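A quick write-up on the structure given underneath.
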Amino acid sequence: QVQLVESGGGLVQAGGSLRLSCAASGPIFSRYAMAWFRQAPGKEREFVAAISWSGGSTYYRESVKVRFTISRDNAENTVYLRMNSLKPEDTAVYSCAAAYSVSSTYVPRTVGDFRFWGQGTQVTVSS
C-alpha cells in the first residue's frame, strides 16, 4: 500500500511559479512510476506529467511542456512538479499518482494505469 500526500499548492499571479511535492510512504517507492494529474471545476481529470521510477524518462501534456518539470528523489520518497510561467488555465486541484512498474523506462499517462492517488492540492492562478 502506497500513501501519497501532496503539498505546495496555493494562490499565485499569472507568470508566477510554484513547486508541488508529493511525499510517498510504503514499500519500494523506487519501483513506482509517478505522475501528476489535475482537475479543474466542472472538468475531467487530466494528465499533466509523469516520470519513470528510474527518473530517466518523463512525459508531459503539450500545454505544459517547457513550463513544468517533473522530478523525483527516491532517497526522500518524493516526487516534485516545478511549475513556471503559470497561467489562469492551470488553476486546478493537482494530484499525484503511483503505478508499480517492472520497467525502469515505463511512463504511464492514463488514469487507469495508476493504483494509488493522493488527495490533491489546490493551485489557483489569478490573472
Side-chain angles (χ1 to χ4, degrees):
Q1 187 79 9
V2 175
Q3 294 181 325
L4 305 172
V5 178
E6 303 92 338
S7 61
L11 173 64
V12 63
Q13 288 188 331
S17 299
L18 284 174
R19 190 181 78 158
L20 305 183
S21 299
C22 173
S25 61
I28 322 175
F29 171 74
S30 60
R31 288 298 182 265
Y32 282 81
M34 301 294 295
W36 289 94
F37 287 77
R38 66 187 181 187
Q39 187 168 19
K43 296 187 177 181
E44 292 188 355
R45 181 178 291 179
E46 64 181 21
F47 169 81
V48 177
I51 188 168
S52 61
W53 63 249
S54 68
S57 300
T58 58
Y59 190 82
Y60 298 88
R61 72 178 297 107
E62 191 65 32
S63 63
V64 308
K65 279 183 179 179
V66 178
R67 299 188 299 123
F68 290 11
T69 302
I70 188 171
S71 61
R72 66 188 295 159
D73 184 338
N74 286 345
E76 296 294 328
N77 283 10
T78 303
V79 63
Y80 303 98
L81 184 68
R82 177 68 179 182
M83 305 185 293
N84 296 327
S85 303
L86 282 161
K87 304 175 181 180
E89 51 264 43
D90 294 318
T91 294
V93 174
Y94 284 71
S95 300
C96 63
Y100 182 80
S101 172
V102 174
S103 169
S104 65
T105 59
Y106 176 54
V107 184
R109 62 198 74 166
T110 63
V111 172
D113 291 331
F114 294 88
R115 180 178 179 186
F116 302 106
W117 293 82
Q119 292 297 311
T121 185
Q122 176 70 47
V123 172
T124 303
V125 185
S126 63
S127 56

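Bear in mind the structure is a predicted one, so any value in this text is a computation, not a measurement.
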OG1 on T124 to CG on D90, rounded to 0.5 Å: 11.0 Å
field: Geometric cation-pi criterion R72 and F29, 6.0 Å radius, 45° cone
entry: yes
message: For a quick test of reading the model, state the closest non-hydrogen atom pair linking V48 to Y94 and the distance between them.
response: CG2-CE2, 4.2 Å
Option among T91, V64, L81 that satisfies the side-chain contact (heavy atoms from CB on, under 4.5 Å) test with R38: V64
- prompt: Does F47 offer a backbone N or O that forms a donor-acceptor pair with the side chain of R61 under 3.5 Å?
  reply: yes
- request: Look up atom CD in Q122 and atom CD in Q39, then write down how far apart they are to the nearest 0.5 Å.
  value: 11.0 Å
task: Look at the side chain of Y60 and the backbone N and O of I70, then say whether any donor-acceptor pair between them is shorter than 3.5 Å.
output: yes
field: Shortest non-hydrogen separation from A92 to A40 and the atoms involved
entry: CB-N, 3.8 Å
- prompt: To the nearest 0.5 Å, what is the distance between SG (C22) and CG (N77)?
  reply: 10.0 Å
message: To the closest 0.5 Å, what do you measure between OG1 (T69) and CE (M83)?
response: 11.0 Å
- prompt: Are V102 and I51 joined in one hydrophobic group, where the rule is that I, L, V, M, F, W and Y side chains link up if heavy atoms are under 4.5 Å apart?
  reply: yes
- request: Count the heavy atoms belonging to other residues, nucleotides or ligands that lie under 6.0 Å from CD of E46, then report whether that count exceeds 12.
  value: yes
query: Would M34 and Y80 show up in the same hydrophobic cluster when neighbours are defined by side-chain heavy atoms closer than 4.5 Å?
result: no
Review item, side-chain donor-acceptor pairs of residues 5-19, under 3.5 Å, at least two apart:
residue	atom	partner	partner atom	Å
E6	OE1	Q119	N	3.1
E6	OE1	G120	N	2.9
E6	OE2	C96	N	2.9
E6	OE2	G120	N	3.3
S17	OG	N84	OD1	2.9

hydrophobic_cluster_shared for V123 and V79, side chain cutoff 4.5 Å: yes
message: Against F114, only a single residue in Y32, Y106, F37 fulfils ring-ring contact (aromatic ring centres under 6.0 Å, His included); can you say which?
response: F37
query: Can we call the ring centroids of W36 and F68 under 6.0 Å apart?
result: no
- prompt: Side chains of S52 and S54: is there a donor and an acceptor less than 3.5 Å apart?
  reply: yes
query: What pair of heavy atoms forms the shortest contact from S103 to W53, and how long is it?
result: O-NE1, 3.0 Å
field: Atom pair OG/NZ of S63 and K87 - distance to nearest 0.5 Å
entry: 7.5 Å
- prompt: Can you tell me how far the CZ atom of R31 sits from the OH atom of Y100, to the nearest 0.5 Å?
  reply: 7.0 Å
